**Student:** 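Pasting a structure below so you can have a look.
No hydrogens, no waters, no symmetry mates; every other heavy atom, side chains included, goes into these values. These numbers were taken from a predicted model, which means no experiment stands behind them. Just so you know, ligand 1 is whichever comes first in the structure, and atom 1 is the first atom listed for that ligand.
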Amino acid sequence: MSTKLMPSICPYCAVGCGLYLVVEKGKATGIEYMAEHPTNEGALCPKGNAVLEFLNHEERLKYPLKRIGEDFVRISWDEALDLAAGALARNKKKHGAKSLGFMVSSRCNNEEDYLMQKLARLLGSPNVDNCARLCHSPTVVGLGAVFGTGAMTNNLLDLQNSQCIFAIGTNFTEAHPIVSRWAQKAKDNGAVVIVADPRITSTSWMADIHLRIKPGSDIDLLRGMMKVIVDEGMIDQRFISERTEGFAELLANLSDVTLEKTAELTGVPAADIIKAARSYAKSPASALLYSMGITQHVCGTDNVKACATIALISGQIGRPGAGVMPMRGQNNVQGNCDMGGMAEFYPGYKKASDPKSLDFFKAAWKADDLPLGPGLTATEMTEAALEGRIKALYLIGEDPVICDANINKTRAALDKLDFLIVQEIFMTATAKMADLILPAAAWAEKDGSYTSMERRVQWIDQAVPAVGEAKEGLWIINEIGKRLGLDLSGTSAEDVLKEINRNVPQYGGMTKERISKIGGLRWPCPDEKHPGTDILHRERFSHPNGKANIASVVNRPPGEQTSEMYPLLLSTGRIVVHYNSGSMTRRSPSLLERDFELYVEINPKDAAELRVRQDDMVRVKTVRGETEARARVTEKVKPGMVFMPFHWQGTNIITSDALDPVSKIPEYKMAACRIEAMG
Ligand code: SF4
């Protein structure tokens, strides 16, 4: 058999970089760079270069496993599928359909995600959610409320047209490394780079203006900048009049803002606030980039709205180089949300609380009844399981036992379930708690489409067979559906894509043929003649009246404050060589050797007071528990603040599960802690 080059997409982050898999004798043996891919032009970050290390890893799950006491035993697929369907049917009969919860994976493709939420809703459960709840649910609802669409407005290539890049709450050079290529191109063309981040990061090294704000003061900073923009006449009056509503309310909202007060609240000198505001508002084209530093707060949705609003009043949106760009996390988190893998939305962002959405899908799916939403979010399902309201959970490609905030609570919740089904590629911390484990095909082992953070939908064909007896998600979901008496009509990914084309207007013209071309198409793409959309909101916003809603928000205090007992503020984030729960990157030798253990960054002043030296092991404690980490004594964090990456299980033992009341995202970025030297 000859060597083949199979076009593929990096399965890690939502940048959606293209690459080729070298396939020999049915096995992926190497990668080749895809120079013609528009987003990455052949470049890959360390994770993209290491994809085969997890794909071919000997610890891949190869057979269905069922729990017997503390052990797992290998079983047949027939037995596994009967068990899964039986557990769902039993709990539905005994406790009602709302006792069933479904977590749809943002690592799976659009077709699998679509079919999984269809299974859940046809079973009568509104409780469908995904990991966007933990990263960008404020983007979906916050940008949705302001612009009418909760997605990146421009695209990554377009960054090179920006003459000012304002990055707030994102360390994109580590979290989304290929983005920095486009930001650097803009900088090389003379763009001013503003970075608002309490830490010194590799992104802040790019900055012309680094606003080292106090953690949790993003809204204060944005309001201060907006006040400067208004007072100095830098608003885009025509844009505001013709394309927005709510400016008068914003003026009232800003009336009590002063630069002195903003400087005090944010810790940023007034002169820097003025400089940043002028650079952003006066530039011919400014892009605002943000990520989880903005979203993972109890005021995450308002943070997002404030980001959108500063863009509106400055007219920095709807043009090349000018837009609002949330940096999404997982490779298909955008697609998963588009496919209705969220408690609030049926596919295509049709509101789950609107009976008209139900009517549409009842007709589309030939269903007598469907559940009115919103269902329980991922974070609410944890609470519900603890209280005995969720009895069975079917979870695909998610690892809440590492990724949730306050994971001791998650463990307790999963322990209380009658039945936990985990569909995975590795024995994750969550899979270890399952009653039943279904081995799944990885991205290269199946057909399907993925949607990147820039709304780019790309199809890839199966490159290699699945390992062992692992199966494609579509097959597994269909087989469970059949055993429950449901015809999900989704036997092939191509068939499911055709159904998506019919039922998700943004994907109407995205046929397999069109999105198989390198670079795919960006949504909205309503019909087969439509070329896709590079920039949103050029002429009108997505609300029915075509106008954007300017938001008037004020900051709210974090869920917990530092105290004598817990005097330090803990923030968490991603590092370049690891990814989310680490289930894939911690199995990649080339990545693990670069960062192999949990660490905590602490300022030299705090370290000296605590008698902690570089590389000492320390205990980090919060009200929720404690964890051990190696100390990195560094000026990267300010006195009073510590930072830990979230790719190891220890971190989320101690993070805060206080929720944003709107998006229900936990406040990972603000936990009061103390550090104790060990022995
Ligand atoms: Fe993969 Fe993201 Fe790195 Fe690109 S930037 S290679 S998509 S992890």
Side-chain angles (χ1 to χ4, degrees), residues 6-22 28 30-55 105-110 131 135-136 152 155-157 159 167 170-185 201-203 206 289 291-292 325-336 397 442-444 448-460 463 518-520 522 573-588 590-592 594-595 645-647:
M6 294 294 292
S8 194
I9 308 162
C10 174
Y12 278 113
C13 88
V15 172
C17 297
L19 55 92
Y20 290 102
L21 292 174
V22 181
I31 57 168
E32 291 281 342
Y33 298 124
M34 189 182 270
E36 67 275 33
H37 194 280
T39 308
N40 61 313
E41 298 178 326
L44 295 172
C45 79
K47 295 187 288 288
N49 275 300
V51 293
L52 295 192
E53 293 179 24
F54 85 81
L55 180 69
S105 177
S106 296
R107 286 192 285 140
C108 288
N109 56 44
N110 286 320
C131 66
C135 61
H136 272 281
M152 181 181 280
N155 60 79
L156 295 173
L157 282 66
L159 264 184
T170 169
N171 181 15
F172 61 78
T173 56
E174 288 214 54
H176 305 95
I178 295 302
V179 174
S180 56
R181 285 170 60 86
W182 299 104
Q184 190 60 50
K185 282 193 188 190
T201 64
S202 49
T203 306
M206 285 181 77
L289 278 55
S291 193
M292 298 192 297
M325 307 184 49
M327 303 279 119
R328 305 293 296 261
Q330 302 238 46
N331 59 336
N332 198 38
V333 68
Q334 179 68 55
N336 196 352
W443 99 104
S449 65
Y450 297 82
T451 306
S452 76
M453 64 163 86
E454 51 177 358
R455 299 172 278 104
R456 188 187 294 281
V457 186
Q458 308 180 80
W459 179 277
I460 52 171
I518 302 292
R522 286 183 290 252
R574 190 183 285 180
I575 58 176
V576 68
V577 292
H578 283 289
Y579 180 71
N580 286 20
S581 74
S583 63
M584 300 190 295
T585 52
R586 281 188 283 111
R587 287 184 169 88
S588 293
S590 69
L591 301 174
L592 197 59
R594 288 179 57 176
D595 259 306
F646 54 54
H647 313 291

**Student:** Do Thr201 and Glu174 have a side chain donor and acceptor closer than 3.5 Å?
**Tutor:** no

**Student:** Does the Arg107 side chain pair with the main chain of Pro11, one donor and one acceptor, at a distance under 3.5 Å?
**Tutor:** no

**Student:** Does any N or O in the side chain of Arg587 come within less than 3.5 Å of the main-chain N or O of Ser583, such that one atom is a donor and the other an acceptor?
**Tutor:** yes

**Student:** Side chains of Cys108 and Asn336, heavy atoms from C-beta outward: is any pair under 4.5 Å?
**Tutor:** no

**Student:** Can you list the atoms of ligand 1 that are under 4.0 Å from a heavy atom of Gly48?
**Tutor:** 6 (S)

**Student:** Going by atom types only, do Asn109 and Asn332 share a side-chain donor-acceptor pair under 3.5 Å?
**Tutor:** no

**Student:** Under 4.0 Å from a heavy atom of Pro177: which atoms of ligand 1 are those, numbered in the order shown and with their elements?
**Tutor:** 5 (S)

**Student:** Please compare Ser452, Cys13, Cys45, Pro46 and report which has the shortest non-hydrogen distance to atom 3 (Fe) of ligand 1.
**Tutor:** Cys45

**Student:** Please list, in number order, the atoms of ligand 1 under 4.0 Å from a heavy atom of Gly16.
**Tutor:** 7 (S)

**Student:** If we only consider heavy atoms of Asn40, is any one of them less than 4.0 Å away from an atom in ligand 1?
**Tutor:** no

**Student:** Would a distance-only check, ignoring hydrogens and angles, find a side-chain to backbone donor-acceptor pair under 3.5 Å from Arg455 to Met152?
**Tutor:** yes

**Student:** Within ligand 1, which atoms have a heavy atom of Ile178 less than 4.0 Å away?
**Tutor:** 4 (Fe), 5 (S)

**Student:** Below 4.0 angstrom from a heavy atom of Lys47, which ligand 1 atoms are there? Numbered from 1 as shown, please.
**Tutor:** 8 (S)

**Student:** Where is the nearest protein heavy atom to atom 1 (Fe) of ligand 1: which residue, which atom, and how far?
**Tutor:** Cys10 SG, 2.3 Å

**Student:** May I ask you to decide if the ring planes of Phe54 and Trp443 are parallel, tilted or perpendicular, using 30° and 60° as cut-offs?
**Tutor:** tilted

**Student:** Only heavy atoms of Tyr12, strictly under 4.0 Å: list the atoms of ligand 1 that pass.
**Tutor:** 8 (S)

**Student:** From Cys17, does some N, O or S atom reach closer than 2.8 Å to atom 4 (Fe) of ligand 1?
**Tutor:** yes

